[in-house]
Amino acid sequence: MHRIGTSERPDLPLATVIGAGALGMAIARRLALSHRVLLADIDGQRAQDCAELMRGEGCDASGIVCDITSPDAVAALAGEVAARGGLGALAHVAGLSPSAGNFRSIIRVNLMGAALVAEALRPLACPGSAAVLVSSLAAHHFQPAPEVASLLHDPAAPDIAERLAAAMGEDATPQLAYPVSKWGMNLYCRRQAAAWGEMGARIVSISPGMIATPMGALEFEKSPAKRQLYEKTPLRRECTMLEIADVVEFLASPRASFISGTDLLVDGGLAAALSDA
Ligand SMILES: NC(=O)c1ccc[n+]([C@@H]2O[C@H](COP(=O)([O-])OP(=O)(O)OC[C@H]3O[C@@H](n4cnc5c(N)ncnc54)[C@H](O)[C@@H]3O)[C@@H](O)[C@H]2O)c1
């Protein structure tokens, strides 16, 4: 029942957005045009403040604390999604850049956390539900060694970060944790399409190139290699958050109803420019 004087839209399906950071909010605002939004973040205060801001703009939004690396916290999130009517859409955005963590924390948040969330929410999917996981172009110009790739077949393993660190030895750096985590995320989406398909639901990853966000700006400061890549981007600019929100909105919508188990590059042509083909 709609309550007079509120932005509540009980008639709309629920979109769960993981990560109330810069990009997470751009995506949440866009999905709020056609969904109720549940924002989840390890910073519960931020999630609640962002949801309040969105309600003030006319969105049906609420915020909840969830550390996606904690199976108990993710189970509690799933309970909340179930109580709110199940999964319409999942936009998984939370992630750590190489400058924001160490090898283990980046693997846990970007890969294990994403897999834990998708596993917990899949049983709440219904025909038409879609999960969109924000990956990165970094997954596309990286190839893990076979022993690392085989570990990535089990991304929700509680000790995945330790196993990868042991397999990678001196290469277990934050700079390599990032492409490993995103390569693993894209693999996960491909491998999960059958399970989501059994529910009549879809799962896809998107791999953005450089997006103009505070996270992206920090990486420009810390990594000279990023500027060299920027110069090679055929469109000669960063992607805006609005352009990523457009893609997530499309992939979560019925217009993308036959797209599953794949990855969509949104990189201004950079992967093509870097390839030999
Ligand atoms: N900026 C770029 O150039 C670029 C390019 C490609 C992909 N991406 C991807 O975009 C995504 C994030 O973008 P953003 O701008 O919103 O980043 P951000 O740093 O603004 O926000 C990340 C959010 O994730 C939350 N978070 C961190 N650890 C968490 C945990 N354990 N549990 C729950 N929440 C947690 C943080 O509190 C924060 O609110 C990442 O997945 C990143 O890899 C960014």
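Everything numeric in this text was worked out from a predicted model, so none of it was measured. Position 1 is the first residue of the sequence, and the numbers go up from there. Remember, it's 1-based here, ligands and their atoms both numbered in the order they're listed.
Between Thr16 and Ile18, the closest side-chain pair of non-hydrogen atoms falls below 4.5 Å. Thr240 is listed as a side-chain neighbour of Glu243, based on a closest heavy-atom distance under 4.5 Å. At least one side-chain heavy atom of Asp246 sits less than 4.5 Å from a side-chain heavy atom of Arg30. Between Arg55 and Asp60 there is no side-chain heavy-atom pair separated by less than 4.5 Å.
Numbered from 1 in the order shown, with element, the atoms of ligand 1 that lie under 4.0 Å from a heavy atom of Arg46 read 39 (O). The distance from ligand 1 to the heavy atoms of Asp67 drops below 4.0 Å at these ligand atoms: 30 (C), 31 (N), 32 (N). Per-residue contacts place Gly24 under 4.0 angstrom from the following atoms of ligand 1 (heavy atoms of the residue considered): 16 (O).
Nearest to atom 17 (O) of ligand 1 among the protein's heavy atoms is Met215 CE, 3.5 Å. Atom 20 (O) of ligand 1 has Ala22 N, 3.1 Å as its closest protein atom, hydrogens excluded (heavy atom only). Ranking the protein heavy atoms by distance from atom 18 (P) of ligand 1 puts Gly21 CA, 4.0 Å first. Considering only non-hydrogen protein atoms, atom 1 (N) of ligand 1 sits nearest to Thr213 OG1, 2.8 Å. Atom 35 (C) of ligand 1 has its closest protein heavy atom at Ile42 CG2, 3.6 Å. Counting only heavy atoms of the protein, atom 7 (C) of ligand 1 lies nearest to Ser135 O, 3.2 Å. For atom 32 (N) of ligand 1, the closest non-hydrogen atom of the protein is Ile68 N, 3.0 Å. Closest protein heavy atom to atom 3 (O) of ligand 1: Ile211 N, 3.0 Å.
Aromatic rings of Tyr178 and Phe142 (six-membered ring for Trp) have centroids beyond the 6.0 Å cut-off, not under it.
The shell of residues lying under 4.0 angstrom from ligand 1, judged by heavy atoms, includes Cys66. Close to ligand 1: Ala20, with a non-hydrogen atom less than 4.0 angstrom away. The closest approach between Ala73 and ligand 1 stays at or above 4.0 Å for every heavy atom of the residue. The shell of residues lying under 4.0 angstrom from ligand 1, judged by heavy atoms, includes Lys182. By the 4.0 Å heavy-atom criterion, Gly209 is counted among the residues contacting ligand 1.
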Would Asn110 and Lys182 satisfy side-chain contact (heavy atoms from CB on, under 4.5 Å), going step by step from the backbone distance to the final call? CA-CA 7 Å; Asn110 294 9; Lys182 298 299 192 178; 4.0 Å; yes
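Using a cutoff of 4.0 Å between basic side-chain nitrogens and carboxylate oxygens, Arg108 and Glu162 are scored as salt-bridged.
Side-chain atoms of Asp72 and Ser70 include no donor-acceptor pair closer than 3.5 Å. For the residue pair Asp263/Ser135, the side-chain donor-acceptor check at 3.5 Å is not satisfied.
Counting only distance, with no hydrogens or angles, the side chain of Thr213 and the backbone of Gly216 share a donor-acceptor pair below 3.5 Å. With hydrogens and angles ignored, the 3.5 Å screen pairs no side-chain donor or acceptor of Ser105 with any backbone N or O of Gly101. Side-chain N or O atoms of Glu249 include none that pairs as donor or acceptor with a backbone N or O of Ile27 at under 3.5 Å.
Of the polar atoms of Tyr178, at least one N or O is found under 3.5 Å from an N or O of ligand 1, judged by distance alone.
With atom 11 (C) of ligand 1 as the reference point, the heavy atom nearest to it among Val65, Val93, Leu23 is part of Val93. Of the candidates Asp41, Val134, Thr69, Val109, it is Asp41 that places a heavy atom closest to atom 39 (O) of ligand 1.
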